[in-house]
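Structure first, commentary second.
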2 protein chains.
Amino acid sequence: MPKLWNETIEAHRHAVRDAIMETTAALVGEHGLASVKMTQIAEQAGIGRATLYKYFPDVDSILIARHEEHVAAHLAQLAELRDRAGTPEERLHAVLGTYALICHHRARHAGIDVAALVHRGEPFARAEQRLVDLFQEVLGEAAAVGALRADVSPDELALYCLHALSAAGSLPDESAVHRLVTVTLAGLRPAAAPGEPNPAGPADRHRAAHEHQRHARH
Amino acid sequence: MPKLWNETIEAHRHAVRDAIMETTAALVGEHGLASVKMTQIAEQAGIGRATLYKYFPDVDSILIARHEEHVAAHLAQLAELRDRAGTPEERLHAVLGTYALICHHRARHAGIDVAALVHRGEPFARAEQRLVDLFQEVLGEAAAVGALRADVSPDELALYCLHALSAAGSLPDESAVHRLVTVTLAGLRPAAAPGEPNPAGPADRHRAAHEHQRHARH
DNA sequence: CGCTACCGAGACAGAGCGTCTTGGCAGCGA
DNA sequence: TCGCTGCCAAGACGCTCTGTCTCGGTAGCG
């Protein structure tokens with residue numbers, strides 16, 4: 001593809017790497033995940049097959065690398081929302097709502113291929129774990145001000161959020177995604193039944209405690 | 001495997017088919033999904049490779065067939081719970097709780113392989129659709145007696161339940177699964193806030209309407 | 001101008017695949 | 001008892017894709 005090397009060799013390699021990943025994603029979107037071969041990718045990207053093997057060992061690695069870049073971008077976006085100003089409830093809503101929209105648009109854009117690729121091997125587990133950790137932090141802050149139910153730990157609630165919001169990929173439009181976020185958040189709130197134990201109040205108290213948590217993170 | 005044909009030819013073929021599916025599942029559990037080859041399956045099952053191709057065209061078909069049998073069994077179990085006696089809330093709780101336990105045990109037993117296989121192609125979409133339909137029926141009955149929030153339609157709530165409960169596969173023990181069901185159900189209940197529109201009462205009224213729905217199904 | 005690093009193209013052996021043929025065995029009916 | 005039919009294991013065959021290697025060519029750099 002790049003006949004003339006762009007500035008440095010480093011930049012050239014990065015450009016070729018990006019071209020490989022983009023070409024592979026296009027081929028997968030066109031012909032499906034199983035039928036894409038290394039030969040096809042090399043031809044489409046305009047590089048030699050041996051050169052392709054110098055960048056990636058197989059098709060899965062290419063798509064995993066592409067997926068990890070997307071995950072990193074989304075994670076940065078969510079971390080930025082997490083560190084914004086506002087009450088823990090507001091930031092929880094922002095993080096979960098944005099994640100749901102990400103799921104929605106990913107499903108609409110990439111189809112089933114990402115899900116098929118992503119559910120195998122350990123790279124996906126790591127990406128999911130980072131998401132759970134991020135959710136857990138926001139949930140912990142919300143729990144500190146009593147905005148969360150106290151009978152389930154934040155790590156289990158984080159897992160609940162992650163899976164519940166993944167339903168956004170099957171929803172038809174963004175208003176449905178918004179309703180899904182509302183429903184998911186409803187599952188997180190303290191039990192309204194009078195007999196249930198609910199030690200933390202619904203108001204935003206413990207402000208100092210959650211500020212301490214936020215700053216102790218970095 | 002079966003040197004002497006069992007009774008009829010039909011039964012023999014069924015036995016061979018079962019042996020193939022069981023052998024394949026064992027190999028996938030042992031060596032992973034990607035590395036299992038048709039040659040290996042035929043050798044392990046004690047049949048010829050050409051014979052294997054007379055039963056299944058490829059490895060995926062074998063695992064999909066096995067998965068569909070499991071799904072059918074689980075679906076029957078859930079349908080039985082749906083048609084049991086009791087209030088719609090009780091039956092909703094039973095169906096969702098049982099589905100969560102199924103997810104939990106499946107993840108514990110088969111590992112990541114089922115998820116990896118299951119997320120590609122159209123057979124999985126059909127199985128998921130049948131589950132959503134089943135959920136939707138139980139949710140519709142619960143909505144008829146006012147046990148559900150009225151601001152989200154039962155089909156969207158069914159999708160929410162399906163995905164939220166799939167988190168049970170990542171939970172460590174059954175008590176955590178039970179808490180997940182509690183949280184998921186909390187997302188389904190009518191909004192407790194006084195300002196929110198909540199036309200249906202929390203008590204079990206409209207009993208006749210939901211009985212009508214149940215009997216109109218068959 | 002020579003050196004180095006990279007690259008495209010092609011060759012090569014190996015693994016799997018999907019099909020076909022061969023020879024053999026189990027059941028069934030005459 | 002003897003064919004006849006259906007099924008089967010084993011193996012051969014051509015094919016695709018893989019992963020590695022070598023070759024000749026070219027861009028940058030000193």
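A quick note: this is a predicted structure, and the numbers were derived from the prediction, not measured.
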Whole-Å gap separating [atom2] ([N]) and [atom1] ([X]):
{"X": "A:D58", "N": "D:dT18", "atom1": "CG", "atom2": "P", "answer": "9 Å"}
{"X": "B:I41", "N": "D:dA9", "atom1": "CD1", "atom2": "C1'", "answer": "17 Å"}
{"X": "A:R13", "N": "D:dA27", "atom1": "CZ", "atom2": "C1'", "answer": "15 Å"}
{"X": "A:E43", "N": "D:dC17", "atom1": "CD", "atom2": "P", "answer": "10 Å"}
{"X": "A:I20", "N": "C:dC7", "atom1": "CD1", "atom2": "P", "answer": "9 Å"}
{"X": "A:K54", "N": "C:dC6", "atom1": "NZ", "atom2": "P", "answer": "8 Å"}
{"X": "A:Q40", "N": "D:dT16", "atom1": "CD", "atom2": "C1'", "answer": "13 Å"}

So, does A:R17 use its side chain to make a donor-acceptor pair with the main chain of A:Y55 at under 3.5 Å?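 Judged by distance alone, no pair lies under 3.5 Å.
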Tell me whether A:S61 contacts the main-chain N or O of A:P57 through its side chain, where contact means a donor paired with an acceptor under 3.5 Å.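 No.
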5' precedence on DNA chain C between A:L52 and B:P57 (nearest-nucleotide basis):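 Result of the comparison: A:L52.
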Would you tell me whether A:E69 and A:H74 have side-chain atoms, one donor and one acceptor, within less than 3.5 Å of each other?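 Absent: no donor and acceptor within the cut-off.
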Surrounding CD of A:E22 (heavy atoms of other residues, nucleotides or ligands, distance under 6.0 Å), is the total greater than 12?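 No - once you tally the heavy atoms of other residues, nucleotides and ligands closer than 6.0 Å, there are 12 at most.
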Between B:Y55 and D:dC8, does any side-chain N or O lie under 4.0 Å from OP1 or OP2? yes
Can you tell me if the side-chain N/O atoms of A:T51 get under 4.0 Å from OP1 or OP2 in C:dG8? yes
When you compare the protein's N or O atoms with those of nucleotides 10-16 of chain C, which come within less than 3.5 Å of each other, and at what distance?
unit_1 : atom_1 : unit_2 : atom_2 : d
C:dA11 : N6     : A:R49  : NH2    : 3.3

So, for B:L165 and B:L96, which heavy atoms are closest and what is the spacing to 0.1 Å?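 In this case the closest contact between B:L165 and B:L96 is CD1-O, 3.5 Å.
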How many angstroms lie between CG in B:L92 and CG in B:L148, if you round to the nearest 0.5 Å?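 One finds 6.5 Å between CG of B:L92 and CG of B:L148.
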